[in-house]
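A quick note: this is a predicted structure, and the numbers were derived from the prediction, not measured. Throughout, protein chains are lettered first and strands after them, A, B, ... in sequence-line order, and every chain is numbered starting at 1.
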Amino acid sequence: MSPTITWATAKRVLTQLSHDHRTVALLVLVPSLLMVLLRFVFDDDAAFDAIGLPLLGVFPLVIMFLVTSVAMLRERTSGTLERLLTTPMHKLDLLLGYGIAFALAAALQAAVATGTAYLLLGLDTQGSWGWVVVVAVANAVLGMALGLLISAFARSEFQAVQFMPAVVLPQFLTCGLLISRDQMAGWLEAISNVLPMSYAVEGLQEIGANSSLTSTLVRDLGVVLGATVIALGLGALTLRRRSG
Amino acid sequence: MKEAVQVTDLVVARGGKEVLHGLSCSVSRGSVTGLLGPSGGGKTTLMRCLVGVQTVSSGSVMVLDEAAGSAGLRHRVGYVTQSPSVYSDLTVAENARYFAAVLGASSSAAVRAIADVGLKEQSAQLVATLSGGQRARASLACALLGDPELLILDEPTVGLDPVLREELWGMFASLAAGGTTLVVSSHVMDEAGRCDRILLLREGALIADDSPDALRRAAGTDDLDQMFLTLIQKVEAA
């Protein structure tokens, strides 16, 4: 592993993003616009606090999953991945490079969306907005790690995009946002117990209900980071230096 | 060891079909070796074996005294694939700077490599906006970084005009004179004359391995296209 190569990779991914103005605009603005839309759909402060806050964590996960799975698929199909793997670059350099780049992009996205929710739309939480940004970035990095892993199973961009509903929507349906998890059937709750988005949403709900840092929030963040590490580890296994 | 590459009894299957059938050959250091033959003959597969990205069924591939693909070779071997493997959403300079960082070369080396392949004017241009030949050269520039001891170039001159092609072959010769070993594939027979040695591959087997002059003599013709046909007819008759 080399910090120079990792950082060069992060910089390269960010440079690629910066050339694509439309993607940057979509990344930064879409979650905020969705929050605005949501606020008017509910037209009620309490409901917005209950649903809008967890969604601040869900949006970055979904968006980063999509962006990364397509970016990594391109890397695989254009031959650049194979080329990089013939160089001294370590697989972790590549994964962490992507991680750092998309975490930075996610931080910007989360800051704008959170700022919009609090300042413009009157989102009200007991805990601080800073923690909301932290959880949102952690979710974005998780989405990135899942996207990296899933890209190995897609042969085309069509397939990569289809994996989003397959991987992310089941988590969304069972994460406790539509109906609280303890009201679900036992087997369904058990499934939701092993899906990382459940903890992301719970963590944000903790921030909403408590003014100080709770141990549940710390555990939730730990689970999200742990799931990220596992997905990155499995992703590294899919980066083969030799192929048939 | 004097040989830069030593391939022994190499068997490779791709997609369930055997494409190299027990191939043996060697490449001397500081030379330009041409890998020639019709499309589908196994040139790219052999090059992938030299770089160590190809799964091998049996046989051995030694490169610079190490097994092909071993970690110690990753900064000593440069590889350019047939379809340009650079980032189309980055400029030529950004691509070169990135690969320079990965290969431990300086950013001034990146500038030099771009000039070497004749892309100085296009330096700030996105790769996506380049012509096919320019893209291929951008890909080549990224492989020159880090001064590799062995350069594996898969069809580097496809789609280039004669002037550029001449310039590139001039560059290959001067790299070889400086001690770099080059393995260059091509299906353009007149490029064979620029090589120190020619490996002629057809249907996964080596049908000739000699200097261009010796091959011309053996085939009794100066015309390289004709030489290739004669050699194939000789193999088929035998």
Side-chain angles (χ1 to χ4, degrees), chain A residues 1-24 26-27 67-68 70-98 100-101 105 155 157 236 238-244, chain B residues 12-17 19 45 47-57 68-91 93-105 107 126-129 135 139 142-143 145-146 148 152 154:
Chain A
M1 265 210 65
S2 138
T4 321
I5 298 182
T6 305
W7 177 240
T9 303
K11 216 172 100 187
R12 185 262 294 171
V13 174
L14 287 173
T15 312
Q16 284 178 292
L17 267 183
S18 71
H19 282 302
D20 187 349
H21 302 301
R22 201 170 297 176
T23 295
V24 172
L26 288 168
L27 272 178
V67 172
T68 320
V70 171
M72 198 63 191
L73 184 77
R74 273 198 213 161
E75 189 105 59
R76 287 175 199 271
T77 51
S78 69
T80 45
L81 177 65
E82 185 169 88
R83 177 176 214 158
L84 287 176
L85 291 176
T86 67
T87 69
M89 168 183 269
H90 194 283
K91 290 171 189 177
L92 274 181
D93 291 325
L94 183 66
L95 295 173
L96 289 180
Y98 266 95
I100 292 169
R155 289 278 159 277
E157 286 171 5
T238 69
L239 301 177
R240 296 283 171 83
R241 288 190 198 269
R242 267 180 205 273
S243 60
Chain B
V12 174
R14 291 188 83 175
K17 191 171 162 282
V19 287
T45 305
M47 295 187 130
R48 286 172 51 85
C49 291
L50 300 185
V51 187
V53 295
Q54 175 66 48
T55 315
V56 167
S57 305
S70 50
L73 287 175
R74 284 187 200 129
H75 62 275
R76 303 172 68 196
V77 179
Y79 176 40
V80 181
T81 49
Q82 207 165 339
S83 51
S85 43
V86 281
Y87 298 97
S88 56
D89 48 358
L90 291 181
T91 66
E94 285 162 352
N95 266 293
R97 274 201 300 270
Y98 175 55
F99 283 103
V102 169
L103 293 162
S107 50
L126 284 180
V127 169
T129 65
R135 255 181 244 198
S139 191
C142 296
L145 296 159
I152 314 273
D154 200 352

*Asks:* Counting only non-hydrogen atoms closer than 4.5 Å, does B/Gln54 touch chain A with its backbone (N, CA, C, O), its side chain (CB onward), both, or neither?
*Replies:* both
*Asks:* Run the side chain to side chain donor-acceptor pair (under 3.5 Å) test on A/Ser243 and B/Arg48 for me, step by step, so that the C-alpha distance in whole Å, both residues' side-chain angles and the decisive distance to 0.1 Å come before the verdict.
*Replies:* CA-CA 10 Å; A/Ser243 60; B/Arg48 286 172 51 85; 3.0 Å; yes
*Asks:* For B/Ala143, is it the side chain, the backbone, both or neither that has a heavy atom under 4.5 Å from a heavy atom of chain A?
*Replies:* both
*Asks:* State which residues pass side chain to side chain contact (heavy atoms under 4.5 Å, CB included) with A/Thr238; sequence neighbours excluded, sorted by chain then number.
*Replies:* A/Arg76, A/Leu149, A/Ala152
*Asks:* Heavy atoms under 4.5 Å from chain B: which residues of residues 82-91 of chain A carry them?
*Replies:* A/Glu82, A/Arg83, A/Leu84, A/Leu85, A/Thr86, A/Thr87, A/Pro88, A/Met89
*Asks:* Checking heavy atoms, do the side chain of B/Val86, its backbone, both or neither come under 4.5 Å from chain A?
*Replies:* both
*Asks:* Partners of A/Arg242 by side chain to side chain donor-acceptor pair (under 3.5 Å), sequence neighbours excluded?
*Replies:* none
*Asks:* With only heavy atoms counted, which part of A/Arg74 is less than 4.5 Å from chain B, the side chain, the backbone, both or neither?
*Replies:* side chain
*Asks:* Based on non-hydrogen pairs under 4.5 Å, which of B/Cys142, B/Gly104, B/Pro148, B/Gly15 is most in contact with chain A?
*Replies:* B/Cys142
*Asks:* So which part of B/Ser88 gets closer than 4.5 Å to some heavy atom of chain A, the side chain, the backbone, both or neither?
*Replies:* neither
*Asks:* Heavy-atom distance under 4.5 Å to chain A: side chain of B/Leu126, backbone, both or neither?
*Replies:* side chain
*Asks:* Which residue out of B/His75, B/Glu94, B/Arg14 racks up the most heavy-atom pairs below 4.5 Å with chain A?
*Replies:* B/Glu94
*Asks:* Can you say whether B/Pro84 sits under 4.5 Å from chain A via the side chain, the backbone, both, or neither, judging by heavy atoms?
*Replies:* backbone
*Asks:* So how far is it from A/Gln16 CD to B/Tyr87 OH, rounded to the nearest 0.5 Å?
*Replies:* 6.5 Å
*Asks:* Picking from B/Gly52, B/Ala101, B/Ser85, which has the most non-hydrogen pairs under 4.5 angstrom with chain A?
*Replies:* B/Ser85
*Asks:* With a strict 4.5 Å heavy-atom criterion, list every residue of residues 1-11 of chain A that contacts chain B, or say none.
*Replies:* A/Ile5, A/Ala8, A/Thr9
